[in-house]
Amino acid sequence: MLILGIETSCDETAAAVVQDGYKVLSNVVASQIKLHTPYGGVVPEIASRAHIENIIPVIQKALKDAKLKRRDIDAIAVTIGPGLITSLMIGVDTARALSYAWGKPILGVNHIEGHICSIKLKAQSVKLKNIKFPAICLTVSGGHTMLVLMRQWGNYEVIGETIDDACGEAFDKVAKILGLGYPGGPIIERWAYSGNKQAFSFPRPILDRDNFNFSFSGLKTAVLYEVQKIKNPQNPKILQGTLGIKKLNKKVVQDICASFQEAAFEVLATKTLRAAQKFNVSTIILTGGVAANQVLQDFLRKSLPVTDYQLLITEFSTDNAAMIAGAAYLRALKKDYDDWCNLQGESNLRF
Ligand code: KG4
Ligand code: ZN
């Protein structure tokens with residue numbers, strides 16, 4: 001079963017070919033980071049224009065890299081949401097056009113299910129049958145922070161999510177406050193490396209609440225106030241713009257990054273472990289862009305009693321289309337296709 005995946009939910013134009021739900025034959029991602037960097041975040045209008053330019057060459061490259069022709073493809077899978085509607089539309093309408101023109105069935109995929117299913121993907125054969133259910137999946141990205149209870153592939157229950165900013169979004173905003181660039185996650189991870197994680201005691205938002213939700217907006221604001229306090233000790237709450245006049249010294253930036261990262265990851269790891277205990281799961285899965293962070297990976301490894309849990313960390317963390325093709329596989333096997341004529345993007349799509 002050869003599935004062509006297409007993903008354009010945010011600022012990556014991506015296409016991939018995946019065989020039998022796990023074997024990645026090609027994985028092409030056209031990044032728009034350079035276009036959005038001057039704004040410190042994704043500008044929807046710029047994103048959709050870039051998707052229009054990139055989508056056909058990216059799909060052509062995905063077929064070429066996989067050494068396949070369009071006739072070899074069995075089905076087309078495309079992200080239908082959640083995401084930026086003006087970005088989603090480009091992928092969805094391209095997939096619909098190809099479905100019609102090539103006479104291939106189409107499957108609309110939930111982006112979060114894509115992140116979850118990214119755990120199945122490998123360049124080589126994978127021991128997929130060894131995944132023990134039930135499982136808890138923590139998906140942490142720029143748009144989502146979600147704990148999902150999985151009883152099987154395709155059986156998902158959202159047990160917790162962010163009530164304001166996503167974790168990756170907080171990383172991006174803190175990097176902007178510190179004037180470090182975009183996307184913030186990998187940059188903060190680098191700066192934090194030489195920092196002291198105990199230098200600043202940032203809040204661990206809603207850690208004590210008896211639920212599995214998250215909140216990162218207050219943590220981001222706490223960093224902003226700390227920066228203002230350093231730059232303007234007399235009047236810390238008067239905002240001077242993100243960079244301010246006085247530059248922070250390097251050590252302070254490193255310490256802020258390390259302390260912020262520690263606060264965010266302590267909340268993620270603690271709530272994930274609590275969920276794992278409550279639902280008596282065997283497996284913990286980590287996916288989404290923030291899953292690329294080595295400190296988060298180590299945090300989870302250290303927090304979880306190794307003997308009790310199987311910890312699986314995706315190799316395909318940031319947005320890609322292989323995860324979309326992987327997620328569509330089971331439905332494709334059952335021929336549970338969508339109608340190309342009616343398929344639409346949905347920015348707030350839920351499970
Ligand atoms: O999954 P993704 O590519 O897109 C969404 O679905 O949102 O995730 C992008 C997010 C960005 O916020 C980025 O800053 C964050 O993932 N990210 C990281 C790291 N790499 C990417 N956050 C922390 N540490 C990283 N190494
Ligand atoms: Zn994503």
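All ligand and atom numbering here is 1-based and tracks the order in the structure.
With respect to the salt-bridge test (charged N to carboxylate O, under 4.0 angstrom), the residues D165 and K173 qualify. A salt bridge links E161 with R350: the distance from a Lys NZ or Arg NE/NH1/NH2 to an Asp or Glu carboxylate oxygen falls below 4.0 Å. Between D172 and K176 there is no salt bridge, since no side-chain nitrogen of the basic residue lies less than 4.0 Å from a carboxylate oxygen of the acidic one.
For atom 26 (N) of ligand 1, the choice among R190, E189, M323, Q294 with the nearest heavy atom turns out to be E189.
Counting heavy atoms closer than 4.0 Å to ligand 1, residue H144 contributes nothing at all. Here V290 has heavy atoms under 4.0 Å from ligand 1 in both its backbone and its side chain.
I73 and M323 fall into different hydrophobic clusters, where Ile, Leu, Val, Met, Phe, Trp and Tyr side chains are chained together by heavy-atom contacts under 4.5 Å. Linking Ile, Leu, Val, Met, Phe, Trp and Tyr whenever their side-chain heavy atoms come within less than 4.5 Å puts L138 and L207 in one cluster.
Between F265 and ligand 1, no pair of N/O atoms sits closer than 3.5 Å.
A pairwise comparison of heavy atoms in P205 and S215 identifies CB-O, 3.2 Å as the closest pair.
For H115, the heavy-atom gap to ligand 1 drops under 4.0 angstrom. Residue-ligand proximity: C10 is placed with every non-hydrogen atom at 4.0 Å or more from ligand 1.
Only protein N, O or S atoms were scored, and 3 of them lie under 2.8 Å from the Zn ion (ligand 2).
Counting the atoms of ligand 1 from 1 in the order shown, those under 4.0 Å from a heavy atom of G289 are 1 (O), 2 (P), 8 (O), 16 (O), 17 (N), 18 (C), 19 (C), 20 (N), 21 (C).
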